[in-house]
Amino acid sequence: MPDRAPQPVDRQLPTDEARDLISLVRDIAQREIAPSAAEEEDTGRFPREVFTLLSDSGLLGLPYDAEFGGGEQPYEVYLQVLEELAAARLTVGLGVSVHTLASYALAAHGTKEQQTEHLPAMLGGGLLGAYCLSEPASGSDAASLRTKAVRDGDDWVITGTKAWITHGGIADFYTVMARTGEDGPRGITAFLVPGDAEGLSAAVPEKKMGLKGSPTAQVHLDGVRVPDARRLGDEGQGFAIALSALESGRLGIAACAIGVAQAALDEAVSYAAERRQFGKPIADFQGLRFMLADMATQIEAGRALYLTAARLRDAGLPFAKQAAMAKLHCTDTAMRVTTDAVQILGGYGYTADFPAERYMREAKVLQIVEGTNQIQRMVIARHLAGPEER
C-alpha cells in the first residue's frame, strides 16, 4: 500500500542552499551509509571512509566560518543534516556531532593564528576529532577531573586518563580538558592534542549494547608534551569552554535522537502497511494506528523543540535551558518510539533481521551521553528556580 509508505521529512529550511544541502545529505545517506549500516554495526566496523567522504563534501564543518573551511550554516540547518545522517546510521550522525564538539574550543576561543593553522584541516582536511572531558571518576561531576597539565618552559606536560571518549584511539586530534591550577572549575584549561602525540594511547574499546560501530575508549595521556601554542583560551578558562561546547553539543544529540526515532517510525509504518493479520493490514487496527500517531507526534514535538533552541542560538540569544529541554525530550522520545517500533513488529522486532531492535539499543545511549537526562533536569530546574542551596 504505497500511500502508507514513509516519505522524507518535510523540512522547513531557510534558503535554497539549505534545501540543496539536505538533498546532498540524503543522497549520501541512501547510497553510502544506510546499505551497510546493519552489517557494519553488527561487526563493530567504523566507517572511516564515510567520514572522509563527508569531509570532502564539506559536511564536517557546517556551522563554522567559511574563512577556515567551514560551511557557515546556521545551527537550524546543521542539526537537520545531523538528523538525516543519524537516521541512516547513528554512528555517523553522532560522529559528526562529536567532531563538531571537538572543533568548538578552537573555533570559538582559539587565536586567529591557531585557527588559521589548524581549523582548515579539522573542518575540511579529512581529520576526525574527539572531545576529552569525562574521566573514570568524574562523569557528571566533570569539574572534579584529575588529569593534570604542568607547565615546563614553553610546553605543557599532560598526564591522566580520559573515559568514554568517542573516537578514542582513532581520532586525529583531541580537545583535552586538564587541570592546571586549583581544585574545581576554575583550575581547568583546554588543550588541542594531536592524535599521534608521544605518550598518548587508547585502551581497548568498550563493549557496548549498541552503537558498536563507533569506538568508545579510555584515552591515556602519559606525559604528553604539547606547546603552549596549543593551549585554547586562557589558563583556567577550560571548564567554561567545555560547558559552552556542551550546550551546543546537546542540540546535536537531540537531533541525532530524532533521526533514530524517525527511522524507527518509518520502519514501523512500512511493516504495519505490509503485515496482514485477520485478513487485513495491521495498520488498519485502531490500537496500532494510535501508536503510530503518538510516535509521529512525539517526533514532531522533539524536532520543533531542538529547532527552537537552534534558532535562539543562531540569533545570539541564550539557549542553554532550551538545549537541555531538547536533549531531555528528544532522547526520551527516541527511547519510547524505538520501544514502540519493536512492539509493532512483534516477534520480528526482537530479531536482528529487522533494524528496530538496533534502533532501540542505540536510543538508550542518547539518554546518557553529553550529560545524562537527570543532569538535564537539574539544568532546567536551575533556570526555573535558581541554584540549589549549599
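- Remark: the backbone N or O of Y350 is not paired with any side-chain donor or acceptor of E357 at under 3.5 angstrom.
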- Check the pair C256 / L90 against side-chain contact (heavy atoms from CB on, under 4.5 Å), numbers first and verdict last. CA-CA 7 Å; C256 286; L90 181 58; 3.8 Å; yes
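- The two residues G124 and S55 come nearest to each other via the heavy atoms C-OG, 3.3 Å.
- Y78 is listed as a side-chain neighbour of S97, based on a closest heavy-atom distance under 4.5 Å.
- Residues A217 and G168 share a closest heavy-atom pair of CB-O, 3.9 Å.
- Here NE2 of H329 is found 11.5 Å from CD1 of I380. Values are rounded to the nearest 0.5 Å.
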- Test log, rule side-chain contact (heavy atoms from CB on, under 4.5 Å), inputs R313 and Q322: CA-CA 10 Å; R313 185 190 189 283; Q322 288 80 4; over 6 Å; no
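- For the pair L312 and F319, the tightest heavy-atom approach, listed with the atom from each and the gap, is CB-CB, 3.9 Å.
- Here the CG atom belonging to L243 is positioned 11.5 Å from the OG atom belonging to S248, to the nearest 0.5 angstrom.
- Across G238 and M177, no two heavy atoms sit closer than the pair O-SD, 3.6 Å.
- Ion pairing between a basic and an acidic side chain is recognised when a charged N comes within 4.0 Å of a carboxylate O; R11 and E84 show such pairing.
- Residues H220 and S201 have side chains that never bring a donor and an acceptor to within less than 3.5 angstrom of each other.
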- Give the C-alpha distance, both sets of side-chain angles, the deciding distance and a yes or no for ring-ring contact (aromatic ring centres under 6.0 Å, His included) between H167 and F46. CA-CA 9 Å; H167 303 154; F46 180 74; 5.5 Å; yes
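- Both W156 and V193 are members of a single hydrophobic cluster when ILVMFWY side chains are connected at heavy-atom separations under 4.5 Å.
- Using modelled atom types, one side-chain atom of E135 and one backbone atom of T147 make a donor-acceptor pair closer than 3.5 Å.
- S23 and R26 form no side-chain donor-acceptor contact under 3.5 Å, judged by distance and modelled atom types alone.
- The shortest distance between side-chain heavy atoms of Q218 and I165 does not fall below 4.5 Å.
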- Message: Between L128 and M122, does the side-chain contact (heavy atoms from CB on, under 4.5 Å) criterion hold? Intermediate values first, please.
- Response: CA-CA 7 Å; L128 190 64; M122 290 162 62; over 6 Å; no
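- Under the 4.5 Å side-chain heavy-atom criterion for ILVMFWY residues, a single connected hydrophobic cluster contains both L305 and L384.
- Checked by atom type and distance alone, the side chain of R151 pairs as donor or acceptor with a backbone atom of G153 at under 3.5 Å.
- Test R48, K212, R358, R45 against E40 for salt bridge (charged side-chain N to carboxylate O under 4.0 Å, His left out) and you get one pass: R45.
- A heavy-atom distance below 4.5 Å is not found between the side chains of Y64 and L119.
- Within the 3.5 Å criterion, the main-chain N or O of D155 finds no donor-acceptor partner in the side chain of D228.
- V176 and L232 fall into different hydrophobic clusters, where Ile, Leu, Val, Met, Phe, Trp and Tyr are joined by side-chain heavy atoms under 4.5 Å apart, directly or via other members.
- Open room surrounds CD on E39; 12 or fewer heavy atoms of other groups in view lie less than 6.0 Å from it.
- Atom CD of E17 is surrounded by 12 or fewer heavy atoms from other residues, nucleotides or ligands within 6.0 Å.
- Between the side chains of T159 and D222, no donor-acceptor pair of N or O atoms lies under 3.5 Å.
- At least one test fails for R231 against the ring of F191: distance under 6.0 Å to the centre or angle within 45° of the axis.
- The shortest side-chain heavy-atom distance between H118 and Q115 does not fall under the 4.5 Å cut-off.
- Side chain of S138 to main chain of S134: no donor-acceptor pair is present (N/O by atom type, distance under 3.5 Å, no hydrogens or angles).
- One hydrophobic cluster, built from ILVMFWY side chains closer than 4.5 Å, cannot hold both V224 and L145; they sit in different ones.
- A distance-only check finds a donor-acceptor pair linking the side chain of K327 to the backbone of V369 [under 3.5 Å].
- Placement of I28 and L60 within a single hydrophobic cluster is found when ILVMFWY residues are connected by side-chain heavy-atom separations under 4.5 Å, directly or transitively.
- Under a cut-off of 6.0 angstrom, the local environment of CD in E388 is crowded, with over 12 non-hydrogen atoms contributed by other residues, nucleotides or ligands.
- The shortest distance between side-chain heavy atoms of T166 and S214 falls below 4.5 Å.
- For the pair I188/T180, no side-chain contact is recorded, criterion being any heavy-atom separation below 4.5 Å from C-beta on.
- Of all non-hydrogen atoms in Q80 and L13, the two that sit nearest each other are NE2-CD2, 3.5 Å.
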- Report the C-alpha distance between E370 and R250 in whole Å, list the side-chain angles of each, state the deciding distance to 0.1 Å, and finish with yes or no for salt bridge (Lys or Arg N to Asp or Glu O under 4.0 Å). CA-CA 6 Å; E370 308 243 356; R250 285 165 181 161; over 6 Å; no
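- Heavy atoms from other residues, nucleotides or ligands lying under 6.0 Å from CD of Q114 number more than 12.
- Within the 4.5 Å cutoff, the side chain of D183 has heavy atoms near those of the R146 side chain.
- Geometric assessment of K162 against the ring of Y131 yields a negative cation-pi assignment under the 6.0 Å and 45° thresholds.
- Of the possible donor and acceptor atoms, one in the side chain of E41 sits under 3.5 Å from a partner among the backbone N and O of G213.
- The closest side-chain donor-acceptor pair between Q298 and D294, if any, does not fall under 3.5 angstrom.
- Counting all heavy atoms, side chain and backbone alike, L200 lies closest to G195 at CD2-O, 3.8 Å.
- Counting only distance, with no hydrogens or angles, the side chain of R275 and the backbone of I282 share no donor-acceptor pair below 3.5 Å.
- Within the 3.5 Å criterion, the main-chain N or O of Y271 finds no donor-acceptor partner in the side chain of Y348.
- Exactly one of F51, Y104, F173 qualifies for a ring pair (Phe, Tyr, Trp, His ring centres under 6.0 Å) with H99. That residue is F173.
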- Task: Carefully, step by step, assess E267 and I344 under the rule side-chain contact (heavy atoms from CB on, under 4.5 Å).
- Result: CA-CA 10 Å; E267 177 69 15; I344 288 170; over 6 Å; no
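- The CD1 atom of I375 lies 4.5 Å from the OG1 atom of T372; values are rounded to the nearest 0.5 Å.
- D284 contributes atom CG, which lies 12.5 Å from atom CD of Q277 (distance to the nearest 0.5 angstrom).
- Although no hydrogens or angles enter the test, the distance criterion places a donor-acceptor pair under 3.5 Å between the side chain of Q237 and the main chain of D234.
- The pair R31-D27 meets the salt-bridge criterion, with a side-chain N (NZ, NE, NH1 or NH2) lying under 4.0 Å from an Asp/Glu carboxylate O.
- The neighbour count for K148 NZ, taken as heavy atoms of other residues, nucleotides or ligands under 6.0 Å away, does not exceed 12.
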- For T333 and R336, what are the C-alpha separation, side-chain angles and deciding distance, and is it a side chain to side chain donor-acceptor pair (under 3.5 Å)? CA-CA 5 Å; T333 289; R336 285 192 300 270; 3.2 Å; yes
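- Side-chain contact between V365 and K208 is absent, with no heavy atoms from C-beta onward closer than 4.5 Å.
- Ion pair K112/E67 flagged as a salt bridge, since at least one NZ, NE, NH1 or NH2 atom sits closer than 4.0 Å to an Asp/Glu carboxylate oxygen.
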